[in-house]
J.: 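This structure is in structure tokens; I'll ask about it shortly.
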Amino acid sequence: MSQFWKPGTERPQGRVVDDEEGGLLFLFGSHHSSSARHGYASIEKQRQRLPVSKYRTAILYLVETHATTIIVGETGSGKTTQIPQYLKEAGWATGGRLIACTQPRRLAVQAVASRVAEEMGVKLGEEVGYTIRFEDVTKPDVTVLKFLTDGVLLREMMDDPLLTKYSVIMVDEAHERSISTDILLGLLKKIQRRRPELRLIISSATIEAKSMSDFFRMRKKRRETENKDDGPQVEPAILSVEGRGFNVQINYAEEPVQDYVQAAVSTTLLIHEREPAGDVLVFLTGQDDIDAAVQLLTDQVQTTGKHSSGLIVLPLYSGLPRADQELVFSQAPRGKRKVVISTNIAETSLTLEGIVYVVDSGFSKQRFYNPISDIENLVVAPISRASARQRAGRAGRVRPGKCYRLYTEEYFLNHMPNAGIPEIQRSNMVSCVIQLKALGIDNILGFDWPASPSSEAMIRALEVLYSLGILDDDAKLTSPTGFQVAEIPLDPMVSKMIIASSQLGCSEEIITIAAVLSVQSIWISGRGIQKESDEAKLRFAAAEGDHVTFLNVYKGFHQSGKSSQWCHKNYVNYHAMRKVLEVREQLKRIAKRIGLVLKSCESDMQAYSHDGMYKTLRGSQEVYIHPSSVLFRVNPKWVIYHSLVSTDRQYMRNVLTIDPSCLLDAAPHFYKLQQSNHLLF
DNA sequence: GAGCACTGC
């Protein structure tokens with residue numbers, strides 16, 4: 001076993017930027033190198049060296065004199081929270097305009113905002129505020145520094161496409177390449193040409209800094225042919241800051257690993273036997289793997305006796321009940337070692353303190369969208385080198401750590417992809433297309449993305465939006481339907497359902513259903529309680545299907561006075577129901593604003609058995625009713641579904657029985673009746 | 001009789 005591991009030979013990362021294209025270049029030393037201890041950094045171009053304490057000067061110098069766009073390449077330096085403060089100090093919120101800083105996650109927005117407010121000694125919600133969905137902690141005319149999710153900034157653009165409220169926009173964590181971030185970057189590049197005075201600061205991992213800079217650098221041809229005033233005055237400048245994380249020693253498997261769950265377990269035991277105190281974080285792919293690993297570890301600890309005891313093994317994934325999730329934050333008792341076995345949730349979303357050892361399986365579950373079949377799959381896929389470095393970095397937060405990679409160095413260097421495929425290239429584009437259309441971008445296929453989605457995905461999205469009556473024959477938003485759908489922050493199919501319900505006089509009910517469909521699941525599930533929860537579900541089951549069942553649950557919850565005990569008793573997820581209430585309130589506000597009629601249909605709500613196999617009208621695919629549905633084994637002749645889950649079969653989740661003539665009424669432009677009385681697409 | 005990487009509006 002001791003021969004199993006081989007230390008990595010890769011040289012320290014960083015210092016990869018160059019200034020050939022004329023951008024200013026700053027390079028800062030690492031906090032732990034000797035030069036950094038004295039705080040030196042260098043401006044290569046000017047052959048000058050700046051103390052790290054002059055970081056502020058550097059940023060302001062760039063902003064004031066040269067760059068409209070600054071790319072900050074950094075690796076967990078913690079410096080990005082300082083940039084907004086410098087900008088505010090220097091009065092960069094000009095002419096009553098604000099400085100905006102985006103993050104991809106709500107929690108990060110709240111955390112960064114309160115940290116900055118604290119550092120500046122001001123009350124959160126005054127000069128420094130934040131906005132996330134359902135929560136606006138800002139004060140008009142007082143707030144200067146505003147933190148927000150990139151999704152919220154995109155929504156703001158629908159009222160103010162040029163973002164005239166802001167003089168500086170900083171996009172943090174751009175390397176994560178979330179859909180919202182990519183759309184935002186594409187739009188910001190466009191805005192820059194109309195607003196040359198707008199300053200952009202894009203913060204990304206060092207390895208992505210160069211490609212971010214390339215994206216914002218205007219193409220040579222265009223630069224020559226266009227008036228100077230139209231575009232950014234100078235090339236993007238790159239400013240690079242090396243992380244202050246501690247050194248993490250990387251170890252690779254000597255041979256390819258056959259079973260990464262088993263390998264993760266043995267590696268953890270080896271760490272426990274041979275390494276000094278410090279918690280272990282193991283990255284696996286999903287609930288199944290994690291539960292299996294927890295079981296194996298617990299078993300082996302019990303059978304191998306004394307020297308292996310003292311391990312506290314905890315699973316971590318988002319589907320875990322809230323109380324179990326919180327266990328991973330508790331400190332291990334003296335003399336005990338905590339082992340957290342986690343999904344990707346611990347890679348970016350949650351930060352665990354006290355981790356010294358990381359075990360990286362090299363895999364994660366990723367979503368892939370197939371535009372031909374219109375199906376999203378969740379598959380176990382190899383992670384990227386960027387991800388592997390991020391995972392390893394989790395071991396160096398409190399002191400020097402070690403990372404054990406369950407793959408060979410040869411694989412890491414020669415076969416692992418450098419960066420992951422951006423989410424936008426792995427997703428259904430329906431929501432993106434409608435958002436861009438709402439912002440007045442007609443030439444969707446020619447949009448300048450940081451990474452272009454496939455044309456098949458774009459065409460499929462246009463087709464779906466046409467079938468919903470959201471786009472017309474010229475691919476323009478229909479009025480009012482298309483514009484109304486764009487205002488509603490839901491899957492466009494669900495938004496269209498709300499608009500139709502307004503005309504059919506049942507919008508109160510449909511808004512409830514839409515809110516339930518927008519949360520993960522309102523049912524509590526888990527090992528050992530299937531029988532009870534199934535029985536509880538039957539108490540709400542409606543003959544029409546899952547959607548009407550949701551109405552029954554909502555009604556019961558409402559009548560109980562929104563009680564958590566009622567939820568507990570009925571195996572309903574209380575946190576999910578709270579979110580349903582929030583979404584429902586937001587939908588009511590939006591419905592009112594866009595002129596929909598809110599009306600209840602009161603109680604005016606209205607099978608053939610076969611082998612359980614269905615064929616989709618569009619594409620003739622074999623699909624089955626998911627066993628979690630109240631219509632499982634009822635098998636009505638015609639059903640519509642909200643989503644497909646693909647495992648060994650394609651399962652329809654959230655199913656409703658219908659009369660096929662509904663389809664003709666709802667979408668006469670899309671469905672035709674064949675002579676033999678069969679529906680045709 | 002099955003299953004859910006993770007976000008976000």
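Chain letters run A, B, ... following the sequence lines, proteins first and then strands; every chain starts at 1.
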J.: Mind checking if A:Thr149 touches a base, just sugar-phosphate, or nothing, with heavy atoms under 4.0 Å?
T.: sugar-phosphate

J.: Looking at every strand, decide which applies to A:Arg106 at a 4.0 Å heavy-atom threshold: base, sugar-phosphate, or nothing.
T.: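 Here A:Arg106 touches the backbone only, sparing every base.
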
J.: Reckon A:Asp534 touches a base, only the sugar-phosphate, or nothing at all at heavy-atom distances under 4.0 Å?
T.: base

J.: Roughly how many Å is it from CG in A:Leu517 to P in B:dG8, rounded to a whole number?
T.: 19 Å

J.: So, using side chain to side chain donor-acceptor pair (under 3.5 Å) as the criterion, who are the partners of A:Arg589 when residues are at least two apart?
T.: none

J.: Hey, is the side chain of A:Ser178 poking within less than 4.0 Å of OP1 or OP2 on B:dG8, counting only N and O atoms?
T.: no

J.: Okay, side chain of A:Ser361, backbone of A:Phe283: is any donor-acceptor separation there less than 3.5 Å?
T.: yes

J.: Among side-chain atoms of A:Asp534 and A:Tyr571, is any donor-acceptor pair under 3.5 angstrom?
T.: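 Result is no, nothing qualifies.
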
J.: Could you check how far CZ of A:Arg391 sits from C1' of B:dC6, rounded to whole Å?
T.: 12 Å

J.: Which residue, A:Pro104 or A:Phe632, contacts DNA chain B at a nucleotide closer to its 5' end, judged by nearest heavy atom?
T.: A:Phe632

J.: Below 4.0 angstrom from OP1 or OP2 of B:dC6, is there any side-chain N or O of A:Thr348?
T.: no

J.: Across the strands shown, which category fits A:Ser180 at heavy-atom distances under 4.0 angstrom: base, sugar-phosphate, nothing?
T.: nothing

J.: Could you tell me the separation between the NZ atom of A:Lys588 and the P atom of B:dC9, rounded to a whole number of Å?
T.: 22 Å

J.: In whole Å, I'd like the distance from the CD1 atom of A:Ile424 to the C1' atom of B:dT7.
T.: 14 Å

J.: With heavy atoms under 4.0 Å as the rule, sort A:Arg155 into base, sugar-phosphate or nothing.
T.: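 Base, at least one base heavy atom under 4.0 Å.
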
J.: I'd like to know if A:Glu487 and A:Arg155 make a salt bridge, using a cut-off of under 4.0 Å between side-chain N and carboxylate O.
T.: no

J.: Can you tell me how far P of B:dC9 sits from CZ of A:Arg589, to the nearest Å?
T.: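 Value for this atom pair: 13 Å.
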
J.: Please report the distance, rounded to the nearest Å, between CZ in A:Arg367 and C1' in B:dT7.
T.: 9 Å

J.: Assess whether salt bridge (charged side-chain N to carboxylate O under 4.0 Å, His left out) is satisfied between A:Glu535 and A:Lys531, documenting all intermediate values.
T.: CA-CA 6 Å; A:Glu535 281 167 12; A:Lys531 197 164 162 273; 3.7 Å; yes

J.: At under 4.0 Å between heavy atoms, what does A:Leu378 touch on the DNA or RNA strands: base, sugar-phosphate, or nothing?
T.: base

J.: I need the CG-C1' distance between A:Leu107 and B:dC6, as an integer number of Å.
T.: 13 Å

J.: Rounded to whole angstroms, how far apart are CD1 on A:Ile179 and C1' on B:dC6?
T.: 12 Å

J.: For B:dC4, take OP1 and OP2 only and decide whether either is under 4.0 Å from a side-chain N or O of A:Ser521.
T.: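 No.
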
